[in-house]
Amino acid sequence: MLLIKCPWCGTRDESEFSYGGEADIARPATPDTLTDAEWADYLFMRKNPRGLHREQWVHAHGCRRWFVLERDTVTYRFSATREPG
Amino acid sequence: MSEVSQKRHALASFPGWQGAGAQAAPGVQLEISPYLGYLNLRGDPGDERFLQTIHAALGQPLPLVANTFTKALIPQEIAQGHLSIFWLGPDEWLLVAEPGIEKALAGRLRENLAGQCHSLTDLTGAQVLLRLSGDHARDALAEGCTLDLHPKVFKTGQCAQTTLAKASILIALTDDLPVFDVIVRRSFAGYAALWLQHSGADL
Amino acid sequence: MNKQKYSIFALLRNAVSYNENWRQAWRSPEPKKKYDVIIVGGGGHGLATAYYLAREHGIRNVAVLEKGWIGGGNTGRNTTIVRSNYLWTEAALLYEKSLKLWEGLSQELNYNVMFSQRGVYNLGHSLQDMRDIERRVGANRLNGIDAEVVTPGQIKAAIPIINISPKARYPISGASLQRRGGVARHDAVAWGFARAADALGVDIIQQCEVTGLNRQADRVTGVETSRGRITADKIGVVVAGHASVLAAMAGLRFPLESHPLQAYVSEPLKPILDTVVMSNGVHGYISQSDKGELVIGAGVDAYTGYGQRGSFHTIEHAMQAIIELFPLFSRVRMLRQWGGIVDVSPDACPIIGKTPVQGLYFNCGWGTGGFKATPGSGWVFAHTIARDNPHELNAAFGLERFTSGALIDEHGAAAVAH
Amino acid sequence: MRAKASSPDKGDSGGMGKQQPNRLPRGGRIDRSQPLTFHFNNRACQGYAGDTLASALLANGIDVIGRSFKYHRPRGIMGSGMEEPNAIIQVGVGADTVPNLRATEVALYDGLTASTVRGWPGLDFDLLAINDFCHRLLSAGFYYKTFMRPGALWKWYERCLRKASGLGVSPQLPDPDRYTHRNAHCDVLVVGAGPAGLMAALAAAKSGARVIIADEQSEFGGSLLYSAARVAGNSADEWLGKALTALADCPEVVLLPCSTVFGYYDYNFLTILERCRDRPAEPRQGLSPSPPEREGSKRQGEIRQRLWRVRAKRVILATGAIERPLVFPNNDRPGVMLASAVSHYIHRYGVCPGRRGLIFANNDSACQAALDLAAAGAAVAAVVDCRAAGPGAIADAVEQAGIDVFRGHVITGVTGRKRVRSVQVTPVSADGKTLNGASKTIACDLVAMSGGWSPAVHLHSQAGGGIAWSEAHACFIPDKPGQDNVSVGAGNGSFALDACLAEGQQVGLDAARQCGFEPVPFSTPKTVSATVNPLQPLWRTPALQSPERSPKQFLDYQNDTTVTDVRLAVREGFQNVEHVKRYTALGFGTDQGKLGNINGMAALAECLDKPIAEVGTTTFRPPYTPVAFGACAGMDVGQLYEPVRKTPLHDWHEAAGAEFEVVGQWLRPWYFPRAGEDRLPLPLTKKAGARGAETGGEGGDRRKPFATLSLAAQAPGEASAREDLPEAVARECLAARNSLAIMDASTLGKIEVQGLDAVAFLERIYTHNVAGMKIGRCAYGIMLGEDGMLMDDGVMARLGERHFYLTTTTGGAAGVLHWLEQWLQTEWPELKVYLTSVTERWATIALVGPNSRKLLQGLNGDIAFDQADFPFMSVRSGVLAGFAVQVFRVSFSGELAFEINVESDEALALWRKLMEAGGQYDITPYGTETMHVLRAEKGFVIVGQDTDGSVSPVDLGMNWLLTEDKDYLGKRSLARPDCRRADRKQWVGLLSEDGTTVLPEGTQLVEANTPGGRPPRLPLAALLEGSRLVGKPGRARGRARPIPMVGHVTSSYYSACLGHPIALALVSAGRARKGDHIHAALSDGRYVKVKIVSPIFYDPKGERQHV
């Protein structure tokens, strides 16, 4: 049972949040100019690392704000919180 | 006013609802509050002009501290009654007032905020307020709410959006007695009330 | 390799000699310097791949490298459900190939994997569930896969303890039934394939972790392991949840996310549930093992994780679902709870095939569906490695589909709005 | 009465005629003023309040409690707590029964009934005990090696195996009891209320910390409950009393007896099972009025169990240690017990478990049992100690009591089957490896053994902590903790009482400090302790013959795992401890190896000739002890399983006798049957029903739109009722087409979008041209996933320059808002846009039909409804019949229609008014079924029914909605090769050639590609569905080529207004094939010929909605 620090509401139980997957995947500015492979890379390919992982969470049952956390996918420990953008 | 006669409360057919309220157990009182007016306000707390406009319009400032709410009298010229403002997020607040008043408030806010970036949405009828009090109120809530409601941690004047079992709620401690106000979305109100009735039953 | 045949007579013979003369089920050899093929991952899929490489393709100079002990990953951590009633033809035919192999596996391996065809019910709880079931069953039949649509009445007749009350929160509207589906003994599958592969000359090397993939230009040359460098022209990677980690060693990124998947068993009970019941609607999967334990699967935890553990509320939800379906199990007690790591692909279908790196093959992305596919997966993967070309059964499961958009959307057909 | 099970040699011993032969005249923590009657295997027995079932059974002289899993050997009580492997019993009857409880954990109550879980036909005479004699045939993993041929027989073999397996019997009735959860937070959670735990809790609590202390026993105290030690000048018992009072006086302390901490999860989240009903009755004040009735409604009154979900800042594990059995031939005979258990029964329950006891140990602690037995008036045959030096100081006390101490001896044999009669004692070499000297036989009926102690490191390990081997104590002790936790006392390998107290106090103070409190020190109680000789590891007593040829030496009692099994596993190449466990079932019993694992690992180490430390331990998984499913589920079962969402008009629908459809969490009216209204027979469905009979099933039910959900109304299996279509739906459809119908559409998702960049934002989400929309106008909009597939659809209304209103599908509401917020916040934070859900703010009433406008115009208000002022696809706000409303002129039926948003609280009043005013037009309420038919007649898509996440807008023929000159989510994906394939499945209409067949929704479609336009026969396997032929191994199955599918039916109805069935389907390259014939493959193998047509069946020009 994770304990997650919402940058706005503070530390809450995991059950208040929804997971948003790998962070920092910027949507291409001009998708039309991308090759199918480049588009597929944006769309599907993930780091899925065993270890530190920057990921998105949203405080779904709280303030509904999205934010980014860094978590170790083995120990499940969080290391950093910051706002989106 | 036609409303009063025309309105039907979301929990009108809730088992154990006696208009005024329903009792869960001696240690826990569950009250279903009658109609209230709700407004959802969004805006940039970094914008001084926005904050001042609101303050001027409502006669009380927006709570900027996370997980808190304010309650004060509404300026005479708008209406008689109290207004509670709950912090919902960094740029979102919930205004709760006696029924009918919300329209006057909304009107005033729209006037004063004209031209400023904000959003004001009337949510009257979208939500229901359940009031839980009594010695065992904390225990009853603790059966389905993961927040730490210990008096030293969750104090009067604080509020939080969280979950009660499988419903999202806004919970606020309005009195040390304690008295908890639980605001829940209309279609979840029956579930939440029933749930509290059950959780209170063991205490 | 001197293979000792298992049978009732062997048991009798050895009983007389105080069971002092049983031979090793498989050797524990030192790794050689070079192999024709290296299989990374000593789970059911890896061992099956090695077995079929030797058996079907005569490639016997094969090593299976396992970082821990064989069958210690998802093979030993699942709910052992076997079925082939998938919606899309590509998936259905692959799983059906597997099911057919299951049906003769104990004899094939001379190892009782206890494949028990007690039937699998997939429950529906709404109009849309039933539309999907009708659609899936129809597709199964046209694909030559046994499938039936059954009513609540028929379900109740077959499973008297199930709750079909219309007053239930999500009443059971019906189900699909695959009678040939069932369960198997998970450990036995790994051990059976290991023993059979070993008998054909395959080296099974445990406690040997792969730490790097060696490549020259665009082709693999071997692996670095905790027990030294081993070279090979062909390397098949089949490591379930850790696929992305191995892919990274080859500088690749895959369309995968690894999530915790939890399961639990009850204390042993006298026979009470004679079939397999699954419900996507309320997220519960249950069967009873031969030992008497209720074996129950929970949902996938939302976050990614390699911790082989998930969150407790996931277990709570699974319990609530099981009690909805079987109110009488409320007093039964959970004995043991555990978690595995499933690598989930965007279309909930596996990735089996070649990679941009020559001689490097991947078999992953099975999500929650891996165990049932064990023999079939090994069979097609062996073919893919031996011929350096996918078999028609796994042709559609290559990485290319994510570029072309030709996804085989198994969950697309289930997860829908209304 | 004597227990039939008890051995005859005790026949004339003091117990004769006495109810409780083994009950001591005095002593124990039981309440002798409260005698209790209970039944064991139908035999009436007596006990006292405060007894456990185990202590009461011992008191009654019942030796054999159960039979072992594999060999069915008679077994007695071995322990006194959760470690008990043998005394597994079924307690209670009917709905109250619980399988597989440990007699040692069941608090006795009056009228308790218990029975043995294994043994056939009975406990005393068990035919399956034959297994014990052919045990060599049943060697470890024997089942992997046989039952393979003939393959077809496996089913039969397995049935036999299953019959012989299992322990207790599952309840056959729904659980009448209630369970709850309690979320709790604390500074310090102390697990275990023994000496160490109590001191820790005291220290932390005195310092002001919020403390929760839990212990699985009904009484706090742990070893103090049966200790002979003196603490701070008091007896252990007196000191315990004082400590508990002091603890209770602290503020912020929660004491949880009868509470097992069973799980330690991430972030110091621990789960505790509180067995409320086991607790001595302490009536709770004022229970509530009964919770509302429901199916299998729950009992009122005190809940049975409460599951605590605790978040602790700091966790102190004072879990104590578990005594180890010794491994010697026949070490499982009834009468062989743990030494600590013997002391436990004497001190705590006033029960002496034997007449003539013998102690066998490799450490000093067991000598206490000798002294306790002597004090209880039992004979003590001897103390047998494998150590050459024997016990330390305590030996004097033992010898003073006139007890022989055999130093450097071990037990090499046990006689007696249902009760120990005597043991064989043999001298052993100093290293304990070889026997040297003659054996002698000593008569005894009780063997109190102790192989040392294993700290209960389970929770420490669950928390991710490491485990290290301690040579000193020959046990695994906690190493580095995995989270904010610390182990103390015996649980940490500190077995001496004074050490426990001191350690406990220290960590308690530390914990308080770490939680930000100023520690309040106090003096540590002094204890008297004698010098102790070090333990000498003894994992297996040496024997003259190899284990294979000696009597069984048990490691895991419940699963009958012996030394031989481990040796066999190793011989066969299973050398990893996990493999050995799985192959031999070691540690897989309901005690999860609490007694057996360590001895098993030692046996493995011996075989591999490695130190135990290198063999390594296995992972400890939750729960520490078994937990009822119901307790994990808590209150969230039955009516509280999930929220039931009802619209503001629900009560009206109910009163009107509506059938309801479950749509996600919502209940929606499905249709409104009228009194006396029948169901219209459908030609095909009769055939279908007949066919259902053919295949011995009601598969036929499935082939009609009304197949499934009528379940909501009818008792299951009432197929006949589902062989047709409700007249109501036909009537509702015609009313909408011909006059006026009304529907509750309140469940639609509704979102307000406001802000400077509202247009820019929506342009990126929706595919149509948003900027071009005029204020006051509406547009149909769709949104795609980034994969280009249709995600959701709805109406978009422009309320102002920067103010929009969106609707979503009922099921999509939450997901769409989530989706919009994600893009807004994570991808385009620069956009100034605010999203607010107004789903529950508005109830939505749809007025449909040619007379809808007339009705509205007839009501007073300030909205002009005529075509000129209020054209199709526009929105107006105003007052209608005294209500503030938003009216949308949109149509999901193709008729002249209006959707009215009114504040939820006022919805019922407005609805009533509309019904009243609509009387003149015979206004007809309708539900989701009619809505589906109406939209299908018009070829309007329903996301989730006609689409499945793999359908693009192009497939649906929605190209007209796709804007070329802008980018929007998913657009790029539509350009991928696979999305442009000509043979993609496209959405079309279907008409059955026979003009009568309502195709089952979901039916697959195939080409009519064989000679004579007949479809191919179904593959063999499909026709043999389910028959054993199909399942038979080795046989050619499903040889027939799979038949290629060209699509499937997504929607299918009988259209009352068209007078024939219609269907919508996804068909490969369908749009280009209008007029072609293909076949629908019904699941009974029959085919129905269908023609591909346009998906718009009714009013193709769309004139009616524009009038």
Side-chain angles (χ1 to χ4, degrees), chain A residues 1-31 46 48-85, chain B residues 40-46 62-69 85-94 119 121 123 126-127 141-150 152-155 157-173 182-185 187-188 191-192 195:
Chain A
M1 289 291 267
L2 308 183
L3 206 51
I4 302 174
K5 185 155 189 272
C6 166
W8 305 109
C9 305
T11 304
R12 299 287 185 89
D13 188 274
E14 172 191 339
S15 52
E16 290 186 16
F17 299 81
S18 298
Y19 182 69
E22 182 176 334
D24 314 320
I25 301 175
R27 186 169 195 273
T30 54
R46 299 292 179 260
N48 191 31
R50 189 178 193 285
L52 289 187
H53 185 226
R54 282 175 53 77
E55 57 196 23
Q56 304 187 107
W57 289 87
V58 59
H59 194 182
H61 296 285
C63 60
R64 297 192 297 122
R65 299 300 97 191
W66 284 82
F67 52 94
V68 172
L69 293 176
E70 186 177 65
R71 183 176 59 100
D72 184 312
T73 58
V74 179
T75 64
Y76 296 176
R77 298 281 121 186
F78 289 105
S79 36
T81 313
R82 71 175 182 78
E83 293 173 51
Chain B
N40 177 287
L41 176 66
R42 307 283 303 269
D44 176 5
L62 288 174
L64 297 181
V65 178
N67 305 316
T68 62
F69 69 93
I85 309 179
F86 298 86
W87 182 94
L88 297 183
D91 64 354
E92 185 170 12
W93 296 267
L94 180 68
S119 89
T121 316
L123 290 181
Q127 293 170 115
L141 288 164
E143 295 200 356
C145 176
T146 58
L147 282 184
D148 185 354
L149 298 172
H150 190 281
K152 285 181 190 161
V153 179
F154 194 76
K155 307 191 186 74
Q158 271 178 264
C159 65
Q161 291 175 100
T162 179
T163 53
L164 180 70
K166 288 168 181 166
S168 301
I169 59 164
L170 168 61
I171 183 171
L173 183 59
V182 175
I183 296 176
V184 58
R185 291 175 64 187
S187 66
F188 287 88
Y191 166 81
W195 203 95

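Lettering follows sequence order; numbering is per chain, from 1.
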Residue part contacting chain A, namely of [X], when any heavy atom lies under 4.5 Å:
{"X": "Leu170(B)", "answer": "neither"}
{"X": "Asp148(B)", "answer": "neither"}
{"X": "Ala167(B)", "answer": "neither"}
{"X": "Thr146(B)", "answer": "side chain"}

Can you name the nearest heavy-atom pair linking [X] to [Y], along with the distance?
{"X": "Ala66(B)", "Y": "Trp8(A)", "result": "CB-O, 3.3 Å"}
{"X": "Cys63(A)", "Y": "Gly89(B)", "result": "CB-CA, 3.9 Å"}
{"X": "Arg65(A)", "Y": "Glu92(B)", "result": "NH2-OE1, 4.2 Å"}

### Query
Heavy atoms, side chains only, cut-off 4.5 Å: are His61(A) and Leu164(B) in contact?
no

### Query
Under a 4.5 Å cut-off applied to non-hydrogen side-chain atoms, are Arg12(A) and Thr163(B) in contact?
no

